[in-house]
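Atom set for the values below is all heavy atoms of this structure, side chains included, hydrogens, waters and symmetry mates excluded. All values reported here derive from a predicted model rather than from experimental measurement. If you read the sequence from its start, that first residue is 1, and numbering goes on from there.
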Amino acid sequence: MDFDIVVIGGGHAGCEAAHAAARLGCSTAMLITSRASIARMSCNPAVGGPGKSQIVREIDALGGLMARVTDETGLQYRTLNSSKGPAVRAYRVQSDTAEYESVMRGKLEKVNNLSIIEGSAVSIEADGGWATGVALEDGTTISARAVVVCTGTFLNGLLHTGLVQTPGGRYGEAPSSRLPESLKRLGITFGRLKTGTPPRLDKNTIDFSALERQEGDSPPPSFSYFGPAVEREQLPCHLIHTNHKTHEIIRAAFGRSPLYTGLIKGVGPRYCPSIEDKVVRFPKRVSHHVFLEPVSRISDEIYPNGISTSLPLDTQEAFLRTMSGLEEVRILKAGYAVEYDFAPPTQLYPTLETKLVAGLYFAGQINGTSGYEEAAGQGLLAGINAARKVKREGAVILKRSESFIGVMVDDLTTLGTEEPYRIFTSRAEHRLVLRQDNADTRLCGLGHSIGLLPEGDYNATMAKREKIASLMESLKNVYIGPIPATRAKLESCGLPVPEESIPLWQYIKRPDVSIQSGTVFGDLAAFSPDEIGRAEIEIKYEGYIERQRRWIGQLSRIENIPLEENMDYSDISGLSIELRQKLGEVRPLTFGQASRIPGMTPAALAILTITLKTRARRN
């Protein structure tokens, strides 16, 4: 078998990588142990959230699949942080996991140039420092000109439930032990991380009448910019709480906890701790939220979000039954922790290509990240760059100033990570211009120029941009004042009446004014709610947005100064030995990337600047 690109793994990173590579014209093989496990949601049955939502919409703007599949398969759709500023607003969709897998698999099966092959990779083949293919467990070798590794938690995966350890990448699926050994022979170094999942509950044994019901938004928001409006029946979630007795049972079981008896060596996620961790880290908390979330319309499984655990099965059952509504609950599948190997991502370029082996790319949890959205964003970027490498085209590097994917990749490849990395809006210094609402106008041009975003979707985005601009322009030369007719209109819409005539543009900047509040702003029937909302954000936050854009412009003059890929830092006098070593390990491609290396100081940056100028004069 001979392909341009082989993608190892069919999780969320693998799906986006394979789709992107094939759509860009490369013959692509997705290698997965079972076709049925494509796009499996092995943990939380949801997509989105702060920071994650921005990544999903950026994937959509570039031409990826996650947003479209999420819209088609949701169980509940919600907008988070709607009362806060636009920089932190986010969508979150409770997904039907069975439908999500089926729809994603169906879309991939229709992609030209893409073959889905069932098998297990045991070795990366390389020649002269370049990846040349993948060897399979059955002795077959697939030749390739680039390889994208998207193995999730399967590299030397080990499952923990109580003191019982079971080799596995996730429940019921064997780990990969030979592939990480192959990567080590190529010079890749590894660390160890840990994540976990809660037990799955039988909904027929839950008393929902005692629980706080949570409905979705009406109308439901759409993740994709290009698909039809979401019109699906939504299912409710329910909120319950742990209590003092819950915590007592958990504490009493620490002697049988792999987390506290030393069996688990990997570092767990700081921002998504297990219930054991919560009880220890927050001893004064009398309760913790638990959200009961449906998994599928065709399943009796309920996912109790908030109580990830690796405690023994009998302890899980005991502490669950202390909570209101769960007195008679039955566990369908025990919660467990999984330890796995990851490759510290400072071994990668910002293209997600490894520095040691050309044409070899890593995406997803192998890079130390957690979450479907982070994995999908990396998979998309790795697939794009693998295809462009094969076609001898320039690499795509997403900047921190243009996308959350760029923030994530820069964090990983420059700073590295010692714990499962999760994206947050707080990680993006330019988050006011990197909102989830404007990902299309930020990235559709790039998606179209590289050939991934279809022409029709690109044209729709350009038309939308023009409509938003025309709406904003129409509001610039209109004044509003306390004349009787205007006063009556404003009061009928619940809007404040200005004391004197002021520009409508200025009036809209008031926090208690919304364009969508009434007809005082003219006939808006020609504009969609999204277009009106976008115009309002641009007007209300005009000064802040302009200030941030000026800052980005100033930074870019320094940020984009290129550094030689193989620059020798060992002979730069004035730099500490530690910084020389870090610069040599990271091998930054730009001055901006070098400035974010841990331990970098203004004095060291000055020395680096002088060195660059001196070498430029010599050349």
Side-chain angles (χ1 to χ4, degrees), residues 7-17 30-34 36-46 52 97 101 120-122 148-161 164-184 188-200 258-259 263-274 277 303 308-310 333-345 362-379 382 412 417-423:
V7 176
I8 301 175
H12 303 278
C15 288
E16 296 293 351
M30 172 191 277
L31 181 62
I32 187 167
T33 53
S34 171
S37 64
I38 288 175
R40 178 155 294 167
M41 289 183 159
S42 49
C43 194
N44 194 350
K52 294 171 178 284
T97 58
E101 294 173 20
S120 297
V122 296
V148 184
V149 181
C150 309
T151 46
T153 59
F154 280 78
L155 299 184
N156 285 320
L158 184 63
L159 311 183
H160 298 264
T161 301
V164 177
Q165 297 177 313
T166 308
R170 60 187 167 212
Y171 184 82
E173 298 183 54
S176 172
S177 56
R178 295 171 63 185
L179 184 59
E181 292 307 312
S182 163
L183 291 168
K184 288 175 184 176
I188 304 297
T189 62
F190 285 90
R192 197 81 170 150
L193 294 178
K194 165 256 177 186
T195 188
T197 191
R200 304 309 195 267
L259 197 59
L263 285 181
I264 292 178
K265 307 296 184 185
V267 180
R270 180 185 311 185
Y271 302 105
C272 188
S274 66
D277 251 350
Y303 181 94
S308 169
T309 183
S310 57
K333 187 190 304 179
Y336 61 89
V338 55
E339 277 189 286
Y340 56 95
D341 288 351
F342 85 107
F362 291 168
Q365 284 173 291
I366 189 175
N367 291 337
T369 58
S370 67
Y372 310 139
E373 303 84 357
E374 290 91 338
Q378 293 171 72
L412 292 170
T417 187
E418 295 179 352
E419 61 185 52
Y421 176 97
R422 179 178 177 179
I423 194 68

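In this structure, A363 and I366 approach most closely via the heavy-atom pair O-CG2, 3.6 Å. Scanning both residues, G10 and C15, for their nearest heavy atoms gives O-SG, 3.5 Å. Summarising the geometry of A121 relative to L31, their closest heavy-atom pair is CB-CD2, 3.7 Å, with the distance given to 0.1 Å. Between P345 and N367, the closest heavy-atom pair is CG-O, 3.4 Å. Closest non-hydrogen pair, L155 versus P180, comes out as CD2-CD, 3.8 Å.
Between P344 and T189 there is a side-chain heavy-atom pair separated by less than 4.5 Å. Looking at heavy atoms from C-beta onward, K194 lies in side-chain contact with L259 at the 4.5 angstrom threshold. Counting only heavy atoms from C-beta outward, the side chains of L412 and F362 never approach each other to under 4.5 Å. At a threshold of 4.5 Å between non-hydrogen side-chain atoms, the residues E373 and I423 do not count as touching. Using a 4.5 Å heavy-atom threshold, the side chains of H12 and E374 count as separate. Put simply, the side chain of R422 does not reach to within 4.5 Å of the side chain of R270, judged on heavy atoms. At a threshold of 4.5 Å between non-hydrogen side-chain atoms, the residues S182 and V122 do not count as touching.
A side-chain donor-acceptor contact under 3.5 Å links E339 to the backbone of G266. Side chain of R170 to main chain of G168: no donor-acceptor pair is present (N/O by atom type, distance under 3.5 Å, no hydrogens or angles). With hydrogens and angles disregarded, no donor-acceptor distance shorter than 3.5 Å links the side chain of Y340 to the backbone of G152. Between the T369 side chain and the G364 main chain, a donor and an acceptor come within less than 3.5 Å of each other. At least one donor-acceptor pair under 3.5 Å links the side chain of S274 to the backbone N or O of D277. Panel note: side chain T153, backbone G169; a donor-acceptor pair is recorded below 3.5 Å. Judged by distance alone, the side chain of Y372 and the main-chain N or O of N44 form a donor-acceptor pair under 3.5 Å.
Note: F342 CZ to E418 CD = 7.5 Å, rounded to the nearest 0.5 Å. One finds the OH atom of Y303 at 3.5 Å from the SG atom of C43 (value rounded to the nearest 0.5 Å). Taken to the nearest 0.5 Å, the CD1 atom of I8 stands 13.5 Å off from the CZ atom of F154. Atom OH of Y171 sits about 9.0 Å away from atom OG1 of T161, to the nearest 0.5 Å. In this structure, the separation between CZ on R192 and CD1 on I264 is 10.0 Å, given to the nearest 0.5 Å. Separation of atoms CD (E173) and OG1 (T33) is listed at 5.5 Å; rounding is to 0.5 Å.
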Between S37 and I32, is the side-chain contact (heavy atoms from CB on, under 4.5 Å) condition met? List the steps. CA-CA 8 Å; S37 64; I32 187 167; 3.5 Å; yes
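Every residue two or more places apart in sequence or in another chain that forms a side chain to side chain contact (heavy atoms under 4.5 Å, CB included) with P175 is listed here: P167. With sequence neighbours excluded, the residues forming a side chain to side chain contact (heavy atoms under 4.5 Å, CB included) with S177 are N156, listed by chain and number.
Counting non-hydrogen atoms of neighbouring residues, nucleotides and ligands closer than 6.0 angstrom, the CZ atom of F190 exceeds 12 such neighbours.
Annotation: salt bridge (Lys or Arg N to Asp or Glu O under 4.0 Å) contacts involving residues 174-183, sequence neighbours excluded, comprise E181-K184.
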